[in-house]
Structures are given as C-alpha cells and as structure tokens.
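This report concerns only the one structure given below.
FYI, side chains are in, hydrogens and waters are out, and symmetry mates aren't considered; it's all heavy atoms of this structure.
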Amino acid sequence: MNILFVHQNMPGQYRELLMWLVAQGGHRIVFLTQRKDAPQIAGVTTRIYATHHKAPDKAYGLSKVWEEATGAGFGAAMAARELDRDGFRPDLILGHTGWGELLFMKQIWSDVPILGFFEYFYNATGGLVGFDPDEPVSDHMPFLMEARNAVPYAAIQHVDLGHVPTE
C-alpha cells in the first residue's frame, strides 16, 4: 500500500503508527513535512514542503490562522503534485487537520481517501484560553477562538473520515 502522511512537524502524533507500518513491511510510505530536521526513518521517504504564504505578524487576528492554514495547505498541495509527477500516488492519506495541510489534497488526488486527525477544538473558555501568559485573555477571546475553528471546520469537508484523541 502507498501511504502518505502529512504533518508539519514529522512524525508528530504519527510516531507509533509510522513505526508499526514500517515494521509490517510491504508499504511505500512518504511523509510530507515542513520540518527541515525531520528524523530519517528507514522505510520512510521524507519530503520537505515550504508553506506558500505566511501571514504577517500584524495580520488581522480573526483571519490570521486561516491565512496561515491556506498557505500551509497550498504548499503541501504543491509538494503532493510533485510527488504525483514523480510517480507516487497514495492509496491513503493521513494528516493533521489543524494546520491546513489537508485542505487541498483532493485537488491533487480527488479519489484518494483522507483520514484526518482532529486534535483540538477551540472553546471560548478553558483549554488554551488563559493558558499562555503571552496571550492575555480579553473580551474578544470568544471571537478569536471561533475564528481558529475555521480550519478544522473546513477540514471536515475535505476528509473522508476523521479521528480524535479522546472519546
């Protein structure tokens, strides 16, 4: 089976699964990542992709995460297009939905199933709200958190199945 993993920080949450698949043998595994110092894993071809666009520091807060995600998604899609040109066509794509990397994979391989990892949903209170002292809580927080959910909301439309780390 040809398997494509997509995660900006290889191996991310896929370390155990990746190692298990390698140990099973018989798979051609490619990992798309932004991580330039990604670990070299025998049996895994690593391809580095560059984000196509990065939002400026002073980007509008309600759309900054979306801007970053579409830049990452387009960069990952361009790397996927190169993989396709090189003769690699996945039977399955696994990836993290929070960074935008899966948003355009169906533009490259419309019929390849995508299994998306939905790690986090942003709430108006708790979780990340008030966690980081560098990001003070304000009365705008409910709006900012909802805006951050734009990426997983969009990812729901682009994956065939999703999984989460909790019940």
Next on the checklist: Aromatic contact between F117 and H163, with the criterion being ring centroids under 6.0 Å apart: yes or no?
Outcome noted: yes
Next on the checklist: I'd like to check L83 versus L32 (side-chain heavy atoms, cut-off strictly below 4.5 Å). Are they in contact?
Outcome noted: yes
Next on the checklist: If hydrophobic clusters are built by linking Ile, Leu, Val, Met, Phe, Trp and Tyr wherever their side-chain heavy atoms come under 4.5 Å apart, do M141 and Y120 end up in the same one?
Outcome noted: yes
Item to check | Y14 side-chain N/O to G95 backbone N/O, donor-acceptor pair under 3.5 Å | outcome: yes
Checklist outcome for this item: Heavy-atom nearest pair, P152 first then F118, reads O-CE2, 3.5 Å
Item to check | Any L4 side-chain heavy atom under 4.5 Å of F88 side chain | outcome: yes
Next on the checklist: Can you give me the closest heavy-atom contact between F104 and A77, atom names plus distance?
Outcome noted: CB-CB, 3.8 Å
Item to check | For I48 against Q34, the heavy-atom pair lying closest together | outcome: CG2-O, 3.9 Å
Next on the checklist: With a 4.5 Å cut-off on side-chain heavy atoms, are V159 and L115 touching?
Outcome noted: no
Checklist entry - In this structure, are over 12 heavy atoms from other groups packed under 6.0 Å from F143 atom CZ? => result no
Item to check | From CG (N123) to CD (E146), nearest 0.5 Å | outcome: 9.0 Å
Checklist entry - Taking atom CG of D111 as the centre, does the number of heavy atoms from other residues, nucleotides or ligands within less than 6.0 Å exceed 12? => result yes
Next on the checklist: On a heavy-atom basis, which atom in A69 and which in L103 lie closest, and how many Å separate them?
Outcome noted: O-CD1, 4.2 Å
Checklist entry - Would you find a donor on one side and an acceptor on the other, under 3.5 Å apart, between the side chain of T33 and the backbone of Q8? => result yes
Checklist entry - Quick one: CZ on R81 to CH2 on W109, what's the gap to the nearest 0.5 Å? => result 10.5 Å
Next on the checklist: Test your reading of the model: is there a side-chain donor-acceptor pair from D91 to the backbone of N2, 3.5 Å cut-off?
Outcome noted: yes
Item to check | Shared hydrophobic cluster for I156 and L161 (ILVMFWY, side-chain gaps under 4.5 Å) | outcome: no
Checklist entry - Which atoms form the tightest heavy-atom contact between M105 and A80, and what is the distance? => result SD-CB, 3.8 Å
Item to check | Derivation of the side chain to side chain contact (heavy atoms under 4.5 Å, CB included) call for I93 and L102 | outcome: CA-CA 9 Å; I93 300 170; L102 299 177; 4.0 Å; yes
Checklist entry - What's the shortest heavy-atom distance between A76 and V6, and which atoms? => result CB-CG1, 4.5 Å
Distance-only check: which donor-acceptor pairs under 3.5 Å involve side-chain atoms of residues 17-30, not counting sequence neighbours?
from: Q24; atom 1: NE2; to: W20; atom 2: O; distance (Å): 3.4

Checklist entry - In this structure, are over 12 heavy atoms from other groups packed under 6.0 Å from H158 atom NE2? => result yes
Checklist entry - Does the pair M145 and V129 meet the rule for a side chain to side chain contact (heavy atoms under 4.5 Å, CB included), with working shown? => result CA-CA 8 Å; M145 292 298 102; V129 177; 3.8 Å; yes
Checklist entry - Under 3.5 Å, side chain of T70 to main-chain N/O of E67, donor-acceptor pair present? => result yes
Checklist entry - Is R85 salt-bridged to E82, going by a charged N under 4.0 Å from an acidic O? => result yes
Next on the checklist: If I take atom CG from residue L92 and atom CE from residue M1, how far apart are they, to the nearest 0.5 angstrom?
Outcome noted: 6.0 Å
Next on the checklist: With side chain to side chain contact (heavy atoms under 4.5 Å, CB included) as the criterion, how do V44 and M10 come out once you've worked through the C-alpha distance, each side chain's angles and the decisive distance to 0.1 Å?
Outcome noted: CA-CA 11 Å; V44 177; M10 176 191 181; 4.1 Å; yes
Checklist entry - Aromatic ring centroids of F31 and Y49 under 6.0 Å? => result no
Next on the checklist: Quick check on R89: does its CZ atom have over 12 non-hydrogen neighbours (other residues, nucleotides or ligands) under 6.0 Å away?
Outcome noted: yes
Next on the checklist: With a 4.5 Å cut-off on side-chain heavy atoms, are S63 and E68 touching?
Outcome noted: no
Checklist entry - More than 12 foreign heavy atoms under 6.0 Å from OH of Y60: is that the case here? => result no
Next on the checklist: Rounded to the nearest 0.5 Å, what separates atom CE in M78 from atom CD in Q107?
Outcome noted: 9.0 Å
Next on the checklist: Between E101 and H7, is there a side-chain donor-acceptor contact under 3.5 Å, judged purely by atom types and distance?
Outcome noted: no
Checklist entry - How long is the gap from OH on Y122 to CZ on R148, to the nearest 0.5 Å? => result 4.0 Å
Item to check | Residue pair W66, V151: steps toward the side chain to side chain contact (heavy atoms under 4.5 Å, CB included) verdict | outcome: CA-CA 6 Å; W66 179 251; V151 180; 3.9 Å; yes
Next on the checklist: Quick one about E119 and H96 (side-chain donor to acceptor, distance below 3.5 Å, no hydrogens or angles considered), yes or no?
Outcome noted: yes
Checklist entry - What salt bridge (Lys or Arg N to Asp or Glu O under 4.0 Å) pairs are there with at least one residue in residues 154-164, not counting sequence neighbours? => result K106-D160
